[in-house]
Amino acid sequence: MKALIVDDEARVRKAVRLLVDWDAHQIDEILEAGNGNEAIQLIRKEKPALVVMDMMMESGNGIELMTWVDEFAGNTKFIVVSGHNDFDFVRQTVRHGGIDYILKPIEADMINNAVSKAVAAWRSEEEERSHRQLQSLRLNEIKPIYGEKLLSALIDDKVNAEASLRRLIGDGIIPQTAKTSRLILVQTDSGNNPLLKRFGGDSELLYYAIVNICNEFLQQQNNGIAFRYWGGPPEIAIILWDARESVVELISRINQGIYRTLQFRMHFGISTLGQFPGQLPAQRTEASEALLRRNLLRHEDYCHFAPAAEEGSLPAGSQVRGSADAEAPLNFADVQDDWRTAVISGTPEAMSAAAQHWTHELSRRGAVTPQMLNSWKADALLFRSRLVREALGNQADSVLAELEQEDLQQPSPLPSGYSFSLFAWRDWSFTLMQRLAQMLSARQIKERNPMTEIIKYIEQNYPSDLSLQEVAGKFYVSREYISRKFKQEYGINFSDYIVNVRIEKAKLLMQNPNLKLVQISEMVGFHDVKYFSKVFKKQVGCSPKDYRVQVSP
């Protein structure tokens with residue numbers, strides 16, 4: 001079991017290490033982080049069971065870290081150690097599932113008791129998750145694929161919809177009394193690697209588990225059915241025909257069941273109430289658009305209604321939430337000049353500042369939706385394409401193809417499933433600018449004639465063992481390019497040019513009577529004086545000794 005200590009003061013991290021009896025709690029690996037951002041990277045990589053964290057840190061404070069842990073690493077337990085006796089901090093700790101809030105100076109008994117509770121809770125939940133996962137997979141054998149396709153046909157196959165409904169009623173899957181319904185879409189994410197890992201990378205098994213969990217709750221009242229929708233991208237749909245409780249309450253119970261089993265919460269797009277089954281196609285569009293327009297900054301909202309959703313479907317005091325009450329959305333044009341300046345400068349600081357500024361503006365506006373992010377990503381890639389074409393002209397296509405190939409290897413910042421992270425969006429935008437700057441810089445070096453710089457480099461480094469491969473790598477050109485240019489411009493090959501430089505330098509050194517031939521040979525890059533004499537005679541027409549006599553005063 002692993003534990004992570006997060007505090008911007010090294011002495012506090014050391015104190016926690018010494019005060020906790022790690023062996024007694026069967027914790028065999030202790031990691032450390034100096035701030036919240038560093039902690040997030042370690043949690044992603046190492047997946048510790050326990051985090052002991054400070055509340056106030058210069059980079060990535062405790063509340064941000066708690067929010068991230070609760071959203072993205074819900075099975076990790078955390079304890080807050082703080083020098084601030086602030087009720088709001090305590091409330092935030094409880095709200096995000098913290099085990100304890102301990103005031104500095106730290107007492108050994110208090111922190112060991114807190115660690116003991118955290119470890120016990122983590123082990124208990126691990127056992128429960130394993131049990132529920134096995135139970136969920138064994139319960140409620142998935143309906144045959146033909147049943148899912150019959151249900152899907154009600155939505156997207158007008159020709160066979162009536163026959164499919166008769167079959168579903170005859171099989172007892174849908175009651176004959178169903179006259180009105182809602183369609184609900186459960187947003188899944190086939191790219192969620194931590195969750196997929198539990199299912200051996202099998203996304204179909206993951207969908208099967210989610211469908212079974214949903215049906216456990218729906219079958220209790222026989223008020224709906226969940227199924228894998230086969231009419232488009234991977235989706236899980238729920239047809240709800242007899243809502244005896246509010247839709248929000250039902251979905252909250254389903255989501256809690258999903259969280260207990262999978263440690264993830266899903267987002268649900270909910271249509272208006274309509275005639276069954278005739279309105280199902282339009283209801284699916286409504287539910288899909290509700291998911292696209294959900295406010296990603298409201299992390300605790302999981303029910304997303306179509307704009308025309310009836311108020312009667314919501315519990316008292318609730319309202320349909322959208323982004324209309326937020327500040328006007330940010331356009332990419334608002335930050336485009338910042339990005340251009342950052343990329344052209346090529347400095348990591350400028351690109352990091354541009355990425356951070358954009359992220360800050362997104363969060364400040366109060367609303368970020370998947371629809372907006374899709375638009376912003378498309379605008380960012382269009383900006384990249386324009387900048388490459390402006391800089392490289394005819395060479396742009398090959399560079400863009402290379403960049404697009406790299407895009408496929410990068411994690412997407414778009415919230416295709418369960419959650420959204422401003423950190424991920426900031427990192428994506430920084431990486432996009434950084435790779436663009438690197439590519440433009442490298443290509444521009446290739447496009448200009450580097451021979452002047454290569455000659456200068458040889459003049460400065462002729463005594464060393466220069467190789468064609470070394471020089472080619474230094475100036476981002478091919479070996480063939482250098483060989484061809486030396487033949488064209490000097491009429492000799494690369495190695496002969498270096499020999500000529502060395503011999504000319506040797507001639508100058510020979511005018512100094514205090515230098516021996518052995519010394520001169522070493523100084524111009526020949527480590528064997530006999531070989532130096534041989535090459536010198538071949539180049540000059542006489543031996544070094546004879547030449548020295550000729551130039552002596």
Enter the distance from Leu517:CG to Arg548:CZ here, rounded to the nearest 0.5 Å.
5.5 Å
Keeping the roles fixed (side chain from Ser429, backbone from Trp425), state whether a donor-acceptor pair exists under 3.5 Å.
yes
Any Lys77 side-chain heavy atom under 4.5 Å of Lys117 side chain:
no
Any side-chain heavy atom of Leu4 within less than 4.5 Å of one from Glu46?
no
Given Arg123 and Glu126, is the salt bridge (charged side-chain N to carboxylate O under 4.0 Å, His left out) satisfied, shown in steps?
CA-CA 5 Å; Arg123 287 204 174 100; Glu126 277 294 296; over 6 Å; no
Using a 4.5 Å cut-off on heavy atoms from C-beta on, say whether the side chain of Tyr457 contacts that of Ile454.
no
Shortest non-hydrogen contact from Ser82 toward Asp54
CA-OD1, 4.0 Å
Would you check, one step at a time, whether the test side chain to side chain contact (heavy atoms under 4.5 Å, CB included) holds for Ile99 with Trp122?
CA-CA 10 Å; Ile99 297 297; Trp122 184 85; over 6 Å; no
Going by distance alone, is a donor N or O of one side chain under 3.5 Å from an acceptor N or O of the other, for Glu489 and Tyr497?
no
Counting N and O atoms only, with roles assigned by atom type, does the side chain of Thr76 sit under 3.5 Å from a partner on the main chain of Pro48, one being a donor and the other an acceptor?
yes
Short side-chain to backbone donor-acceptor contact, Asn512 and Asn514, under 3.5 Å:
yes
Show the numbers, then the answer: is there a side chain to side chain contact (heavy atoms under 4.5 Å, CB included) between Gln41 and Phe423?
CA-CA 11 Å; Gln41 299 302 320; Phe423 292 106; over 6 Å; no
Examine the side chains of Gln539 and Asn500 and answer whether a donor and an acceptor come within less than 3.5 Å of each other.
yes
Would you confirm whether Gln519, through its side chain, and Lys516, through its main-chain N or O, come within 3.5 Å as a donor-acceptor pair?
yes
Asp100 (side chain) donor-acceptor with Ala114 (main chain) under 3.5 angstrom:
no
Ring pair (Phe, Tyr, Trp, His ring centres under 6.0 Å) involving Phe532 - partner list, sequence neighbours excluded
Phe526, Phe536
Between Arg502 and Ser464, which heavy-atom pair has the shortest distance, and what is it?
NH2-O, 2.9 Å
Rounded at 0.5 Å granularity, tell me how far CD in Gln438 sits from CG in Leu403.
10.0 Å
Decide yes or no on salt bridge (charged side-chain N to carboxylate O under 4.0 Å, His left out) for Arg389 and Asp397, but give the supporting numbers first.
CA-CA 8 Å; Arg389 293 192 183 283; Asp397 287 340; 2.9 Å; yes
Quick one: which residue pairs count as a salt bridge (Lys or Arg N to Asp or Glu O under 4.0 Å) with a foot in residues 378-387, not counting sequence neighbours?
Arg384-Asp407
Can you pull out every salt bridge (Lys or Arg N to Asp or Glu O under 4.0 Å) where at least one residue sits in residues 506-515? Sequence neighbours excluded, please.
Glu504-Lys507
Under the 3.5 angstrom rule, does the side chain of Asn331 hit a backbone N or O of Ala333 as a donor-acceptor pair?
no
Cation-pi, Tyr259 ring and Arg265 (6.0 angstrom, 45 degrees):
yes
Determine yes or no for a side-chain-to-main-chain donor-acceptor pair under 3.5 angstrom, with Ser352 supplying the side chain and Pro348 the backbone.
no
To check you understand the geometry: which heavy-atom pair defines the closest contact between Asp465 and Glu470, and what is its length?
O-OE1, 3.9 Å
Could you state the interatomic distance from CG (Leu65) to CG (Asn35), rounded to the nearest 0.5 Å?
9.5 Å
Under a 4.5 Å cut-off applied to non-hydrogen side-chain atoms, are Gln26 and Asp23 in contact?
no
Going by heavy atoms in the side chains, are Lys485 and Phe494 under 4.5 Å from each other?
no
Does any part of the side chain of Trp22, heavy atoms only, come nearer than 4.5 Å to the side chain of Asp28, both counted from C-beta?
no
Atom of Leu296, atom of Thr369 and distance for their closest heavy-atom approach
CD1-C, 3.8 Å
Pairs satisfying side chain to side chain donor-acceptor pair (under 3.5 Å), at least one member in residues 337-346, at least two apart
Arg340-Glu390, Ser345-Thr347
Quick one: pull up CG in Leu440 and CG in Leu387 and give me the separation to the nearest 0.5 Å.
5.5 Å
Within this structure, what is the CG-CD1 distance for the pair Leu31 and Ile43, rounded to the nearest 0.5 Å?
10.0 Å
I'd like to know whether Val115 forms a side chain to side chain contact (heavy atoms under 4.5 Å, CB included) with Ile79, so could you lay out the CA-CA distance, the side-chain angles of the two residues, the decisive distance to 0.1 Å, and finally the verdict.
CA-CA 8 Å; Val115 171; Ile79 299 165; 3.9 Å; yes
Mark yes when over 12 heavy atoms from residues, nucleotides or ligands other than Lys47 sit less than 6.0 Å from its NZ; otherwise mark no.
yes
What I want to find out is whether Lys505 reaches Glu459 closely enough, with some N-O distance under 4.0 Å, to be called a salt bridge.
yes
Applying side-chain contact (heavy atoms from CB on, under 4.5 Å), can you list everything that pairs with Ser495, at least two apart in sequence or on another chain?
Asn493
Without swapping roles, check the side chain of Asn112 against the backbone of Leu19 for a donor-acceptor pair under 3.5 Å.
yes
Would you say that more than 12 heavy atoms from the other residues, nucleotides or ligands in this model lie under 6.0 Å from the CD of Gln405, or not?
no
If a pair satisfies side chain to side chain donor-acceptor pair (under 3.5 Å) and one of its residues is in residues 526-537, list it, with sequence neighbours excluded.
Glu522-His527
Is there a side-chain contact between Gln356 and Glu361, using heavy atoms and a 4.5 Å cut-off?
no
Identify the heavy atoms of Ala437 and Val343 that sit nearest to each other, and give their distance.
CB-O, 3.6 Å
Kindly indicate, with the supporting measurements, whether the criterion side chain to side chain contact (heavy atoms under 4.5 Å, CB included) is fulfilled by Val6 and Glu32.
CA-CA 6 Å; Val6 188; Glu32 291 186 16; over 6 Å; no
Determine whether Arg228 and Glu235 satisfy the following criterion, salt bridge (charged side-chain N to carboxylate O under 4.0 Å, His left out), listing intermediate values before the conclusion.
CA-CA 6 Å; Arg228 169 75 183 277; Glu235 287 179 335; over 6 Å; no
Ignoring hydrogens and angles, tell me if any N or O in the side chain of Arg13 forms a donor-acceptor pair with the backbone of Asp7 under 3.5 Å.
yes
Would you confirm whether Asp8, through its side chain, and Gly34, through its main-chain N or O, come within 3.5 Å as a donor-acceptor pair?
no
Quick check for you: to the nearest 0.5 Å, what is the distance between Thr431 atom OG1 and Met433 atom CE?
9.0 Å
Over all atoms of both residues, closest heavy-atom pair of Pro370 and Arg294
CD-O, 3.2 Å
